[in-house]
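Following: one structure in structure tokens, then a few remarks.
Lettering of chains follows the sequences in order, A, B, ..., and the numbering in each one begins at 1.
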Amino acid sequence: MGLTFLHLLNSVSFYKKKGKTFSFKKKGLCSPQMSAEPYFDVVVIGGGHAGIESALASAKRGTKTLLITLNLDKIGWQPCNPSIGGPAKSTLVHEIDALGGGMGKIADRTFLHKRILNKSKGPAVWALRVQTDKKEYAEENKKMLDNFPNLTIQEGMVSDILIDKNFKLNGIKTYFGGIIRCKAAILTTGTFLGGTIWIGSKKISAGRAGEMASVGLTQTLRNLEFKTSRLKTGTPPRIDSRFINLKKIEKQKSDETENWFSFDRLEWNSRKVMDCFLTHTTSATFSLIRKNLHLSPKYGGFMKSTGPRYCPSIEDKIVRFFDKKEHQIFLEPEGRILNEIYIQGMSTGLPENLQTEIIKTIPGLENSRMVRPAYSVDYDYIFASQLDKNLMSKIEGLFFAGQICGTTGYEEAGAQGLLAGLNASLFCEEKNMVCLSREGSFIGNLIDDLCTKPLKEPYRVLTSRSEFRLLLRSDNADFRLTPLGRKYGLINEREWKKFKKKIERIENESKRLNKTFIKVNSKILKILESEGQNIIKKESSLAKLIGRPNFDYFQLNNLELQNTTLNNEEIQRLEIEIKYLNYIERQELQIKNVDKILDTKIKKNMNFMKISQLSKEGREKLTKRRPNDLREASKIGGISASDIQTLFLFARQ
Amino acid sequence: ASGRGGRNLHAARPCRALNKYVGGGGGMDETVFALSTPPGRGGVSVIRLSGPEAGGALCRMTKRSLPPARQAAVCSIYHPVGGSLIDRGMVLWFPSPKSFTGEDVAELHVHGSSAVVRAVIEALGGIEGLRPAQPGEFTRRALLNGKMDLVEAEGLGDLLSAGTEMQRKLALRQMGGHASQLYDAWRTKLVRSLAHVEAFIDFGEDEEIHEEVLSGVIEEARGLARELRSFCDDARCGEIVREGVHIVLAGPPNAGKSSLLNAIAKRPAAITSATPGTTRDVLEVRMDLFGLEVAVSDTAGLRIATGDDIEKEGITRAAEQWSQADVRVLVLDAAAGVEQVREAKDVLLREIQDWISAESLSGREQGLGATGCTMVLLNKSDLLLTTCGETAPLQAMVEELRLWLGDVGVHMVSCVNGQGMEEAMQSLHTAARHRLGGRDLENAVVITRPRHRQHLEGCANALDRFCAVGNAPDVAAEELREAVAHLAAVTGKVHVEQVLDVLFADFCVGK
């Protein structure tokens, strides 16, 4: 049984500081500055999902942390669908939780509808998705930050980053003249940096509807010669739940199953659930959009940037998939006491008046009232290949996380935020920073993709992006990451004890299953055979038995061979490991092979500039950084897996 | 740039498969040169340069500006340092990217004298930034610059070493990209299948991507596995043409197998003597048999070994060769009398019965193929009249053999006076062609390398496993990914972005 995922964990050892160049004296973590300017070790700029995880991770380690955001009332706001999880995204949330993050816990506290997706597609891709109450979600986040030790929150618009002559960050400046000194800062500006929102051909400067954009930082980043560009995303309209004709639409009930994001049972909070609804577009929707296509930004030709392919506008769907008679429309509540309904499947760039009419063509929504129009937003992001895989940029102490790195989604943002927060804190302590490998976690996979692949659209995690999908599951996220979290102070004593006990129980049970044999001609065998399908010709362990496709752990109950000390979650995990043993071993072997390659040393005099198979950028970075081995090289931003293969060929000579 | 140029190549680089090509080291920023015609005396020798400095070097060698692209120019060639005249010749200039390597390429056509060539090579070596090319470096650069893919590069290698007409045609087709087209078509199909499975997993819940998608993919995978298998079921004829048809001469000692080998090869390749058991090891001679490369093996005479261990080992090896041969030639001593022929007939009869039973098991073709690839040569026909006198029983035996092996399968020959040799050679050629299954190798795409076969079979096996576990999409997808990886090992890497491109083109996914 391969229960040892610890070898997948990967910490970096080469980001050693070359001697102290800090301008201030080190007196523990909270050393005050000589000047009167306020001082924090880490400043997190932005209070979205990346910012929250950054602040938590940093503060949890005892680092004096400040979170500064444009609007304190909007911390943890869900501007699009107030939904957490889904395929691959749920794995990210479990991983964040396994590293002591907050997202899963808050989602478990505030959900109002939950479903297990992909139930029939095999346990490796099962995915929890919950609809949260967006007001509660934001409030819970704010509460959590408010009461967190070592963490201060403050309102303000950061407009400049202060650096010393060695290109090391030493402070930030706000629009209205505030100066805060710090050793590290994490930029998590989301859609706010130079944000512009669009409806039809009209646009206005804003980060989200009704909220001002952040100005000034864009120029700072340009001055520091960061390569930036624009990305676009959008959100569909909201309608009033009281004007929906429920008789004409299909009800979608919340799943009854006990599934949670957090591995911490204390967070599990069973509560009353709400229904979602399903309806569809009609031929009237189709012809109305067709007729007015020229009014949409894309087909009217007044907005060039294209949005993400997995989030097409309704006009895009109708143009590109014209032979599809109807498209599904999901109606999802946004809160318990909120009358707002999110219309999933109705993203549009069409003008406001048309949006109202289009909604009315949908069965059940004939009398609906639109309370918020759909809009698009485009904003500045930086090419993440300028970051190392610890999310620090070329400016020492300046980290980036979330949508500014080119992603979309709360989960993707939170995942990066957590790592950036951890590394910013480690940076302040002059300790080695952490990179997560792409074969060890979806967080690692996400960051590796961002730092090495060209971006065509906002990046969303997909299970298909991982070469190791059968290993990177939701159920084993804690096994893969909690020991790392513990090592870096993100997991407290209680959580750690609980985790160790869980491992112990599963390992003992695994031993028992492998050592308990069913003998030929035994009574148990007779029972099994009398049940039909399970013909056993030779002595077989219980593990082997469970490995059969038509047998599951719970059938042991009938034979009185079960173990009552395990809970369902643990049983499930064990069962997956047994049933997938062959595949898991196959993928672990692949990882071992990759790992061996990474140990290859690079000669001191290797001339990277002559390896023309590498990108120009990659050659320059390698020349500047001079990694000692391929493992170090693989952490550098812009160095992809295929670059490593190439380097391997040259290093071996 | 075209779809294959520049950075695109970087993305589509078939990393794993490139190992052997990137062995040489050294970057492509350097300019390399090499003599591209065989060394030694000849009419013309061509020295080729490739890389960014090729143009500059050409100017310095000719003391003139670059000639028009791709047009021959006659000029004097000088030593760039001393300025002395080396030779008068012709030069060609191929600016990037329209050149063999995709880089700037220059060619110096000089008189085919080793002194001239040496002088030019020395002169080029003296120019800064130039270095001699490593073996295969021009092709390697062409490959890395996307001028050809791996299969085409292998085709070029085969063409350069083609010794026979058949090999030339086969290599030319492969280099021309016909094989690549076929492989690419499969790859496209597979990537599409994978995209559909990934779509089902990642977007199935929201976007009405139902089980039908999966069953469609399983259907497709089944078809593809079948197609791959039937493509692989080609009796290895492409590899045989490339490696040479293996013909084994076997028979009792002193039947004249070695003499026959020498007669076929038209040179004394094997030692012959009147002493039985002269040949102890297997001796192989490669030759062009009417446009087909064949490797003829002479083996130790088969008998209940009375000799030493060396002869015993020789006999073991002979038996091994016999069992692996593409074409089997049983050589008998016609003058040794009817007994030997009858014994041989019994042996063959047993084998043929095995073939026939195998035939009923695994289809006609194999059995028929095996009989069509076996010949009997009755050697020493010149001695027949003098020693035996009575030839009627022998004739009867020959007729009987012909019942199984066909008229072309049995010949009376003499290595001494050449009697029947011409007909026997023709029959040998027919048998060799027969071994290739009578396939139209000049117009078909066939597998030419075991490496390709191994991956194509690996792909088919993974597809079978995919179909078997199709109802569990998470593991099924792994099998499909493996199938793609196998095909990609032949044609070049498949990136997840390519899969996603298909996914988003084929499905209306997203909120």
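Within the structure, every pair that satisfies the salt bridge (Lys or Arg N to Asp or Glu O under 4.0 Å) test and touches residues 119-130 of chain A, not counting sequence neighbours, is listed here: R129(A)-D206(B).
Heavy-atom pairs under 4.5 Å with chain B peak, among V125(A), N607(A), L462(A), at L462(A). The candidate from D316(A), L278(A), I314(A), L470(A) with the greatest count of non-hydrogen atom pairs under 4.5 Å with chain B is L470(A).
Among residues two or more places apart in sequence or in another chain, the side chain to side chain contact (heavy atoms under 4.5 Å, CB included) test is passed with A195(B) by V499(B), V502(B), L503(B).
Between the side chain of N118(A) and the backbone N or O of I201(B), at least one donor-acceptor pair lies under 3.5 Å.
When all heavy atoms are compared, the tightest approach of S120(A) to P473(B) is O-CD, 4.0 Å.
Heavy atoms of S466(A) lying under 4.5 Å from chain B belong exclusively to its backbone. Heavy-atom distances place both the backbone and the side chain of R465(A) under 4.5 Å from chain B. Residue contact with chain B, scored on non-hydrogen atoms closer than 4.5 Å, is absent for E332(A). Interface remark: P123(A) contributes backbone and side-chain atoms alike to the contact with chain B (heavy atom separation under 4.5 Å).
Between E198(B) and R469(A) there is a salt bridge, with a side-chain nitrogen of the basic residue lying less than 4.0 Å from a carboxylate oxygen of the acidic one. Between E467(A) and R481(B), no side-chain nitrogen of the basic residue sits less than 4.0 Å from a carboxylate oxygen of the acidic one, so the salt-bridge criterion is not met.
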Inset, instruction - Please step through side-chain hydrogen bond (donor to acceptor under 3.5 Å, both in side chains) for the pair D474(B) and Y583(A), ending with a clear verdict. - result: CA-CA 10 Å; D474(B) 56 350; Y583(A) 290 95; over 6 Å; no

Inset, instruction - List the steps and the verdict of salt bridge (charged side-chain N to carboxylate O under 4.0 Å, His left out) for R586(A) and E482(B). - result: CA-CA 11 Å; R586(A) 207 199 280 179; E482(B) 194 175 317; 2.5 Å; yes

